[in-house]
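Here's the structure, in structure tokens; my notes come after.
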Protein chains: 2
Amino acid sequence: MAARRLNNPLALAVLTLLVERPMHPYEMSSTLKERSKQESIKLNYGSLYSVIESLLKRGLIEVQQTTREGKRPERTVYAVTDEGRDVMVDWLSELLSTPAKEFPQFEAGLSLMPALGVDQAIALLERRLDQLRRQHEVGRRMLRQASELGLPRLFSIEHEYELALQTAEIEFVDELLDELKSGAFPGVQIWRRIHELRSTGLSMDEVDARIRDEFAEEYPWLDEQ
Amino acid sequence: MAARRLNNPLALAVLTLLVERPMHPYEMSSTLKERSKQESIKLNYGSLYSVIESLLKRGLIEVQQTTREGKRPERTVYAVTDEGRDVMVDWLSELLSTPAKEFPQFEAGLSLMPALGVDQAIALLERRLDQLRRQHEVGRRMLRQASELGLPRLFSIEHEYELALQTAEIEFVDELLDELKSGAFPGVQIWRRIHELRSTGLSMDEVDARIRDEFAEEYPWLDEQ
DNA sequence: AGTCAATTACTCGACTTCGAGTATTCGATG
DNA sequence: CATCGAATACTCGAAGTCGAGTAATTGACT
């Protein structure tokens, strides 16, 4: 009845910490924060405790001891099991070796973009580009500082990855904006026309008919389907 | 008491569809699939129905009619409300204009990579690079086909974005591998040494002490903390 | 000696996600 | 004309996510 496979990378982080040494949950969370791992692995208390519960149920970790000081809440110290060690290696190996399908918010936004008007979209993308550039500058500065302090890149390689993705996104948005603004982007006329017609109060069906009529030659795909 | 803000982009997709015309849930799901939106917006039945329930409760959509044909399950047709229209525009605007923090799996993997050995990591990254290149080739081919059929780029811009990110990841992994293999990567010696010591059965504390001793000069940060 | 912010340490429950399961109808094929 | 797979249309419950809330302790500064 193998319970649904554990998915939250936070559980993997817990395993790697417990391979180093036994810890109690709060210590795990502080250690992750200290090492800036919470920037690449979503960390919040609720999830941490439920993820630990889940690891326990699967036998990947076990209770080492529970202590109590004064009237403070009980502290439970956990340790990794042999099986947990194996799962850690397998899971981490998979994360590194196998590209996973992700669903970035911006990708969703782009795919629904035609629901807005062209000019609105341009303005929004310009704001994005602005913020991206600013964030990117901040990120670069922090990496430089870390390297000046002599921290080996090994411990911030994930931030370099983030910067690489950010650079790519900046280039993408920049080029897209150029094409949209110059009108070179294929489809921008039809997009503009649809919103023009819509805003005159026509129904979607009527808009559709007009569009097919006006753009039939340019876009043969309008006929299909 | 504003219920926790709706987060699933699938709800936004539902709103954009209902702005086009009223629909029942199953039709929404087929339409999204037809337009290949399920590649950029995670779609599964359970979520679809619960997201619709949620939109209904917030008054962003309303029931237009419920019909029943034969003994088939009832079909409920939904329509967007004025408030829903507004929320759609605001939400989509935010997706496009504001970079959101994402937590890609690979970023998590990279940040925990030191838990594996150097050579193992190299082998895993090589497998990733391989698969990335293959997937990228497939993606490019599909985009080319779409453009040959005359489909305007507007309706597949999200796939171009995906390709751009993939390109960046390929370059990143490629460079990282070069540095790891040549030993030019700062920290690779210390990383290797830690795993060597660990595998001789030393405890984490002892490993720590040895490392501090051996690498004190190269890495001043070892002293701090 | 008091107090106030920060830190330590976890709990709770409302909400969301997920996908396997159910049940009907349509269409193609032998 | 029987049947079998694909498509239609949704239900259900187990599991996971999230962050505000609680409550004690430490430390710094008046």
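Per chain, numbering begins at 1; letters A, B, ... match sequence-line order.
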Next item on the list: Identify, with sequence neighbours excluded, every residue that meets salt bridge (charged side-chain N to carboxylate O under 4.0 Å, His left out) alongside A:Arg127.
Entry: none

Next item on the list: Write down the distance between CZ (A:Arg75) and C1' (C:dT8), rounded to a whole number of angstrom.
Entry: 9 Å

Notebook entry, point to check: If you check the B:Tyr45 side chain, which of C:dA9, C:dA20, D:dT17 turns out closest?
Noted result: C:dA20

Margin query: From CZ of A:Arg58 over to C1' of D:dG16, roughly how many Å is that when rounded to an integer?
Written below: 10 Å

Margin query: Please give me every residue in residues 23-33 of chain A whose heavy atoms get under 4.0 Å of an atom in DNA chain D, ordered by residue number.
Written below: none

Checklist line | With sequence neighbours excluded, residues passing salt bridge (charged side-chain N to carboxylate O under 4.0 Å, His left out) with B:Glu171 | finding: none

Notebook entry, point to check: Rounding to a whole Å, what distance do you find between B:Asn7:CG and C:dC18:P?
Noted result: 13 Å

Check: Nearest to the side chain of A:Ser47 - C:dT17, C:dT11, D:dT17?
Finding: D:dT17

Check: A:Ile52 has an atom CD1; how far is it from atom P of D:dC18, in whole Å?
Finding: 16 Å

Checklist line | For atom CG of B:Asn44 and atom P of D:dA9, their distance in whole Å | finding: 19 Å

Notebook entry, point to check: Closer than 4.0 Å, any side-chain N/O of A:Asn8 to the OP1 or OP2 of D:dG16?
Noted result: no

Next item on the list: Answer yes or no: is there an ion pair linking A:Glu20 with A:Arg35, defined by an N-O contact shorter than 4.0 Å?
Entry: yes

Check: Among all residues two or more places apart in sequence or in another chain, which pass the ring pair (Phe, Tyr, Trp, His ring centres under 6.0 Å) test with A:Tyr161?
Finding: B:Phe106, B:Phe172

Checklist line | Partner residues of A:Glu206 under the salt bridge (charged side-chain N to carboxylate O under 4.0 Å, His left out) criterion, sequence neighbours left out | finding: none

Check: C:dT22 C1' sits how many Å from B:Tyr49 OH, rounded?
Finding: 13 Å

Next item on the list: Check whether more than 12 heavy atoms from other residues, nucleotides or ligands sit under 6.0 Å from atom CZ of B:Arg198, and answer yes or no.
Entry: yes

Check: Expressed in angstrom and rounded to an integer, what is the separation of A:Leu48 atom CG from D:dT17 atom C1'?
Finding: 13 Å

Check: In whole angstroms, how far is the C1' atom of D:dA20 from the CZ atom of B:Arg5?
Finding: 19 Å

Notebook entry, point to check: Does a nitrogen or oxygen in the side chain of A:Lys42 sit under 4.0 Å from OP1 or OP2 of D:dC18?
Noted result: yes

Note to self: By the side-chain hydrogen bond (donor to acceptor under 3.5 Å, both in side chains) test, which pairs, at least two apart or in different chains, include something from residues 84-94 of chain A?
What the structure shows: A:Arg5-A:Glu94

